[in-house]
Asks: 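Submitted below is the structure of interest, expressed as structure tokens.
Heads up: numbering here begins at 1 and tracks the sequence. Numbering of ligands and ligand atoms starts at 1, following listing order.
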Amino acid sequence: MPHLLIAGCGAAGMYAAVHAARRGCRVTVLDGNDRPGHKLSITGKGRCNVTNDCDLDTFLQNVPRNPRFLYSALSRCMPADVQAFFEAEGVPLKTERGRRVFPQSDRAQDIVSALLKAMQDAGVTVHLNSRVKKLILSDNSCTGVILSDGSELRADAVLLATGGMSYPRTGSRGDGYRLAEQAGLTVIPPQPSLIPLETAESDAAEMQGLSLRNVTLTVTQGKKTVFTELGEMLFTHFGISGPLVLSASCRMDPQKLDSYLLNIDMKPALTPEQLDARMLRDFAAQQNKDIVNALRGLLPASMIPVMLNRTDIPQTQKIHDITKAQRMTLGSCIKGFALHASAMRPVTEAIVTRGGVSVKEINPNTMESKKIRGLYIAGELLDVDAYTGGYNLQIAFATGYAAALAAAEQDPA
Ligand SMILES: Cc1cc2nc3c(=O)[nH]c(=O)nc-3n(C[C@H](O)[C@H](O)[C@H](O)COP(=O)(O)OP(=O)(O)OC[C@H]3O[C@@H](n4cnc5c(N)ncnc54)[C@H](O)[C@@H]3O)c2cc1C
């Protein structure tokens, strides 16, 4: 029976371990951390959006970089298969808005526990606090690993499932990129994706802590709209964050940030005319008030001074003195609050790392390196990443599964 060493006890590594062991492989999983599946346990704000219950075409449309590479792996491990796996392991699931799948318990830890139990049942050995430092390579084959304490472990195949380089406290510190490079594999420089944005305008910070629901964020580049969606976002001390911003960032080129214009429509349900009629109605009842106090029904308190500042309307101007032109300018600012991204936050704060091991050098059916026999790559370490919605975990499971099936057929030494 072939012996498979898996570096990384995360989503890809655990899913691969179960399926390789169930196919008769002897499987040893090594993790540098003391907590298996740490990142998985914090996914989906602790609820784990474990997959997206969609078909293959829809799935691939949600993968902005190298979607075709995933075709084969996903064909054999679809979201429905992952759902069936967890249900069979005793984790009932539910599907929410946008076909996002979560455990019914809303506990990400249930997903981690199910994987650990399935690994144990399948006879997988796990070594925690075992950080892989080097690959053992000879004759274009990978035959084992060297740990940071110097110990050597030999195997018929090695799967690198060490994740990206975001949230390093969960164990993903970018080791996999260095290990892949050691084996001569090309690594596309890792960069943040699904990441909060710093803004050039300092008034975003004046609203820090303000969370908005049902606003539309539109990102344009010249005449091209690269993103437009209704949802939730948040102002922070550095700029903007929240689900809408993370999704938008994934469509933006980090090298060309200054070419984008971000526009927030604070009242997407109202046309400009309806918004003006609403203001007229609100103002009619508050003729003698300062405008700063008269906008409370329309805008959150911390946004009012910012809006007035941007439109050059003095906060103490009485409502009866507000001109039609001022109202129009205010309306335009409410429906088109413009921001520019000055920087993405550091990759350590990203939900996902974009870039990674070039998929041109990986067999899409098996996840084996085309250069080094017996070396497999799965999960976020690969140069594929997706939008939010459970797609990134599904990619980790599907690529882990493909590697497991292939490694289980590897000839024992
Ligand atoms: C806050 C947050 C929320 C998220 N929410 C979701 C969500 O709801 N849905 C979704 O689809 N995606 C989500 N993601 C993305 C998803 O978690 C990752 O894409 C996924 O975990 C990648 O799986 P992986 O197995 O490749 O890597 P990881 O899960 O990061 O696992 C890698 C493992 O390798 C270990 N390791 C690293 N280096 C070494 C080494 N040298 N030797 C041994 N072990 C090593 C690490 O300790 C770690 O356990 C979220 C990410 C974050 C940060």
Asks: Using atom types as modelled and distance alone, determine if a side-chain donor or acceptor of Tyr260 lies under 3.5 Å from a backbone N or O of Asp253.
Replies: yes
Asks: Check whether any side-chain heavy atom of Lys39 lies under 4.5 Å from a side-chain heavy atom of Ser172, and answer yes or no.
Replies: yes
Asks: Classify the contact between Lys39 and ligand 1 as side chain, backbone, both or neither, using a heavy-atom distance cut-off of under 4.0 Å.
Replies: side chain
Asks: Atoms of ligand 1 less than 4.0 Å from Tyr167 heavy atoms?
Replies: 1 (C), 53 (C)
Asks: Among all the protein's non-hydrogen atoms, which is closest to atom 43 (C) of ligand 1, and how far away is it?
Replies: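 Nearest protein contact, heavy atoms only, for atom 43 (C) of ligand 1 is Gly32 N, 3.2 Å.
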Asks: With a 3.5 Å distance limit and no angle check, can you tell me whether Arg23 reaches the backbone of Glu409 through a side-chain donor-acceptor pair?
Replies: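 No, the answer is negative, given that no donor and acceptor are paired below the 3.5 Å cut-off.
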Asks: What is the nearest protein non-hydrogen atom to atom 5 (N) of ligand 1, stated with its residue, atom name and distance?
Replies: Gly44 N, 3.1 Å
Asks: Just to be sure I'm reading this right: ignoring hydrogens, which of Thr162, Asp31, Asn392 gets closest to atom 35 (C) of ligand 1? Compare them by their nearest heavy atoms.
Replies: Asp31
Asks: For atom 13 (C) of ligand 1, grab the closest protein heavy atom and report residue, atom and distance to one decimal in Å.
Replies: Thr43 CG2, 3.9 Å
Asks: Which atoms of ligand 1 sit under 4.0 Å from any heavy atom of Ala161?
Replies: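 Contacts of ligand 1 toward Ala161, numbered from 1: 32 (C), 33 (C), 34 (O).
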Asks: Under 6.0 Å between ring centres: does that hold for Phe397 and Phe85?
Replies: no
Asks: Counting from 1, what ligand 1 atoms have a heavy atom of Ser172 closer than 4.0 Å?
Replies: 30 (O)
Asks: Can you find a non-hydrogen atom of Arg131 under 4.0 Å from ligand 1?
Replies: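 Yes; Arg131 lies near enough to ligand 1 that a heavy-atom distance drops under 4.0 Å.
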Asks: I'd like to know if the side chain of Lys371 reaches the main chain of Ala183, judged simply by a donor and an acceptor atom lying under 3.5 Å from each other, with no hydrogens or angles considered.
Replies: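 Such a contact is absent between Lys371 side chain and Ala183 backbone.
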Asks: Is His340 close to Asp258 at the side-chain level, that is, under 4.5 Å between some pair of heavy atoms?
Replies: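 No, side chains not in contact.
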Asks: Taking side chain as C-beta onward, heavy atoms only, is Asn62 less than 4.5 Å from Asn52?
Replies: no
Asks: Heavy-atom contacts under 4.0 Å between Thr170 and ligand 1: side chain, backbone, both, or neither?
Replies: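 Backbone only.
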Asks: Distance under 4.0 Å to a non-hydrogen atom of Gly379: what atoms of ligand 1 satisfy this?
Replies: 26 (O)
Asks: Among all the protein's non-hydrogen atoms, which is closest to atom 16 (C) of ligand 1, and how far away is it?
Replies: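 Protein heavy atom at minimum distance: Leu393 CD2, 3.9 Å.
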Asks: Taking C-beta and beyond as the side chain, do Met303 and Ile334 meet within less than 4.5 Å on heavy atoms?
Replies: no
Asks: If you count the atoms of ligand 1 from 1 in the order shown, which ones are under 4.0 Å from a heavy atom of Ala396?
Replies: 23 (O)
Asks: Side-chain contact, heavy-atom cut-off 4.5 Å: Ile6 with Met14?
Replies: no
Asks: Pick one of side chain, backbone, both or neither for how Ser130 approaches ligand 1, counting any non-hydrogen atom pair under 4.0 Å.
Replies: backbone
Asks: If you have a sec, work out which protein heavy atom is nearest atom 22 (C) of ligand 1 and how many Å separate them, to one decimal?
Replies: Glu380 OE1, 3.4 Å
Asks: Do Arg345 and Glu198 sit within salt-bridge range, that is, some charged N less than 4.0 Å from a carboxylate O?
Replies: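 Here Arg345 pairs with Glu198 in a salt bridge, since their nearest N and O are under 4.0 Å apart.
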Asks: Which ligand 1 atoms are under 4.0 Å away from a heavy-atom of Asn33?
Replies: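 Here the atoms of ligand 1 in question are 47 (O).
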Asks: Among all protein heavy atoms, pick out the one at the shortest distance from atom 9 (N) of ligand 1; state its residue, atom name and that distance to 0.1 Å.
Replies: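 For this ligand atom, the closest protein heavy atom is Asn49 O, 3.0 Å.
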Asks: I want to check something: taking the side chain as every heavy atom from C-beta on, are Ile195 and Pro254 in contact at a cut-off of under 4.5 Å?
Replies: no
Asks: Regarding atom 36 (N) of ligand 1: of the candidates Ala350, Gly400, Gly171, which has the closest heavy atom?
Replies: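 The residue whose heavy atom sits nearest atom 36 (N) of ligand 1 is Gly171.
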Asks: I need the contact type for Ala11 against ligand 1. Using non-hydrogen atoms and a strict under-4.0 Å cut-off, is it side chain, backbone, both or neither?
Replies: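 The answer is both.
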Asks: Looking only at side chains, do Ser113 and Arg107 share a donor and an acceptor under 3.5 Å apart?
Replies: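 Side chains of Ser113 and Arg107: no pair found under 3.5 Å.
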Asks: Please could you name the atoms of ligand 1 that Val132 approaches to less than 4.0 Å, counting only its heavy atoms?
Replies: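 Within the 4.0 Å cut-off of Val132, ligand 1 contributes 40 (C), 41 (N), 42 (N), 43 (C).
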Asks: Quick check against the 3.5 Å criterion: does Gln182 have a side-chain atom that pairs as donor or acceptor with the backbone of Leu135?
Replies: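 Judged by distance alone, yes, a pair lies under 3.5 Å.
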Asks: Would you find a donor on one side and an acceptor on the other, under 3.5 Å apart, between the side chain of Asn392 and the backbone of Ala386?
Replies: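 Confirmed, Asn392 side chain pairs with Ala386 backbone.
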Asks: Identify the closest protein heavy atom to atom 34 (O) of ligand 1: which residue and atom is it, and at what distance?
Replies: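 Answer for atom 34 (O) of ligand 1: Gly8 CA, 3.2 Å.
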Asks: Please classify the Leu30 to ligand 1 contact at 4.0 Å (heavy-atom distances, strictly less than): side chain, backbone, both or neither.
Replies: backbone
Asks: Starting from atom 25 (O) of ligand 1, find the nearest protein heavy-atom neighbour and note its residue, name and distance.
Replies: Ala12 N, 2.8 Å
